[in-house]
Each structure stands twice: as structure tokens, then as C-alpha cells.
**Student:** 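So that we are looking at the same thing, I have put the structure below in C-alpha cells.
Note: hydrogens, waters and symmetry copies are ignored here, and every other heavy atom, side chains too, is used. Predicted, not measured: the structure shown is a model, and the values here were computed from it.
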Amino acid sequence: MVAKGPTGLAPEIDKFRKEFEQISADADALVAPLTDEQFGWQPAPDVWSVSLCLDHLNATARQYLPALDDGIAEAVRRGLYGRGASSYNWIGRLMVYIVQPTTRMRTKAPKAFRPEPGRSRRNVVAAFGAYQVQYVDRLHQANGLDLARARIVSPVARWIRMPLGSGFTMMLAHERRHLAQARRVLSADGFPR
């Protein structure tokens, strides 16, 4: 039996939930004071704007949410239930490390993960908020599963199978990374005041 906190969620799942909710609040606080011009401003042609950073996270969510769904469904079918905090394998830890805000590794986003230039502020921000809610929904679905034994298949490379918990951790790290990138836009030379 998995111990559950006051929210009815296992502590590890509840921690993830709080992090997704904090990211949503951080994004709202970042975007709220910006004009449309500031939201879409790029420091250079090859550097993403705040809008493009958020829309990249939206594109990532469109790819990863189905992978989370498949991983959760397979874990339920196989009866992979757990007893508390999980320890993840090396591939899961590596995938999280690669997308951390502090890592110096830079990679170009695959085509399916690239943002769409020209999307309206309203659409980008609304989609971002909706995807955060969907991540929290997947956490509720995963509550009680063994997050180390349940697996997801990476939509980037089908041969990468990582623990479900690593998938959630990786999405959180990736979102923090690109919110930090968006914050740097605000202090770039030439940012419209």
C-alpha cells in the first residue's frame, strides 16, 4: 500500500504536482506584465522569444503526453504498483540531466518540437496553461504506480525507454530550462521597454 498525503496522492506524485503548478504560476508571472511586442521580441533571428520558448514547451507537451498515456496504461495493464519514492535507472537520470536548466549541453530541437512562429499570445499562453493541467491529470492517473518500473518510450528516439518517474522529472526540468531561457530574453540588449 502506498502512503498518501492530504491530497490523496503519493508523496512523490504530489511533489511533481506542486512543481507543475509552480511552473504554471511562474509562467503566468513572467508573461503577465509583457506587451505583445515584448512577448514576441527576439534578441537575434536565431534566438527564441518568450513566445517561442513557451510554444516549444507546448510542442513538447503534444509529443510527450501521449507517451505518458501509453506508459501509464501499460503499467496499469501489467499491475506495476509501487510503495513510495522511486529510484530511477541511468538512462532516466541521463535524460533528466540533458534538459536541466544548468546543463551546458545544447541541442537543436527536433522538427516536431519546434515552436510555430506567429502564433498569437493568447493561443500560446492558453495552450501552455492547458498542458500544465494535463500533466497534473497524468500524475493523478499515475498515482500508486511504481514510477521506476513503469516505462515510457521517448518520442524523440523510440529506442529510449525510461522510467515513468523520469519522464515526469524530465518534463519539469525541461520546462524550468526554457522558462529560464525566456527570462534571459527580458534582460537581453535591445529588449523593448
**Student:** Please collect all side chain to side chain donor-acceptor pair (under 3.5 Å) contacts where either partner lies in residues 24-34, sequence neighbours excluded, each pair once.
**Tutor:**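 Every side chain to side chain donor-acceptor pair (under 3.5 Å) pair that includes a residue of residues 24-34, provided the two are not neighbours, is Q22-D26.
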
**Student:** Just jot down the side-chain hydrogen bond (donor to acceptor under 3.5 Å, both in side chains) partners of Y131, sequence neighbours excluded, or say none.
**Tutor:**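 Partners of Y131 by the side-chain hydrogen bond (donor to acceptor under 3.5 Å, both in side chains) criterion come out as none, since no residue qualifies.
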
**Student:** Excluding sequence neighbours, so at least two apart, what forms salt bridge (Lys or Arg N to Asp or Glu O under 4.0 Å) with R138?
**Tutor:**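 By the salt bridge (Lys or Arg N to Asp or Glu O under 4.0 Å) rule, R138 matches D69.
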
**Student:** Can you list everything that forms a side-chain hydrogen bond (donor to acceptor under 3.5 Å, both in side chains) with D70? Sequence neighbours excluded, please.
**Tutor:**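 If we apply the side-chain hydrogen bond (donor to acceptor under 3.5 Å, both in side chains) test to D70, skipping adjacent residues, there are no hits.
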
**Student:** Table please: side-chain donor-acceptor pairs of residues 71-80 below 3.5 Å, with sequence neighbours left out.
**Tutor:**
from	atom 1	to	atom 2	distance (Å)
E74	OE1	R77	NE	3.3
E74	OE1	R77	NH2	2.9

**Student:** For residues 49-63, run the donor-acceptor check on the side chains, cut-off 3.5 Å, and write out each pair with its distance to 0.1 Å, sequence neighbours left out.
**Tutor:**
from	atom 1	to	atom 2	distance (Å)
S49	OG	S51	N	3.3
S49	OG	L52	N	3.0
D55	OD1	N58	ND2	3.4
D55	OD1	R119	NH1	2.5
D55	OD2	E116	N	2.9
H56	ND1	F113	O	2.6
H56	NE2	H174	NE2	3.0
H56	NE2	H178	NE2	3.3
N58	OD1	F128	N	3.2
N58	ND2	V124	O	3.2
T60	OG1	H56	O	2.9

**Student:** Please list all pairs meeting salt bridge (Lys or Arg N to Asp or Glu O under 4.0 Å) that have one or both residues in residues 165-178, counting only residues at least two apart or in different chains.
**Tutor:**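 As it turns out, the salt bridge (Lys or Arg N to Asp or Glu O under 4.0 Å) pairs with a partner in residues 165-178, which skip direct neighbours, are E19-R176.
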
**Student:** Please list, chain by chain and in numerical order, all residues satisfying salt bridge (Lys or Arg N to Asp or Glu O under 4.0 Å) with D137, sequence neighbours excluded.
**Tutor:**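 By the salt bridge (Lys or Arg N to Asp or Glu O under 4.0 Å) rule, D137 matches no residue at all.
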
**Student:** R149: what forms a salt bridge (Lys or Arg N to Asp or Glu O under 4.0 Å) with it, not counting sequence neighbours?
**Tutor:**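 Per chain and number, R149 pairs via salt bridge (Lys or Arg N to Asp or Glu O under 4.0 Å) with D146.
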
**Student:** Of all residues at least two apart in sequence or in a different chain, which pass the side chain to side chain contact (heavy atoms under 4.5 Å, CB included) check with A32?
**Tutor:**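 Side chain to side chain contact (heavy atoms under 4.5 Å, CB included) list for A32, sorted by chain: empty.
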
**Student:** Taking only residues at least two apart or on different chains, which pairs with a member in residues 20-42 satisfy ring-ring contact (aromatic ring centres under 6.0 Å, His included)?
**Tutor:**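 Every ring-ring contact (aromatic ring centres under 6.0 Å, His included) pair that includes a residue of residues 20-42, provided the two are not neighbours, is F20-Y135, W41-F191.
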
**Student:** Does R17 have any salt bridge (Lys or Arg N to Asp or Glu O under 4.0 Å) partners at least two apart in sequence or in another chain, and if so, which?
**Tutor:**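 Only D14, E21 meet the salt bridge (Lys or Arg N to Asp or Glu O under 4.0 Å) criterion with R17.
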
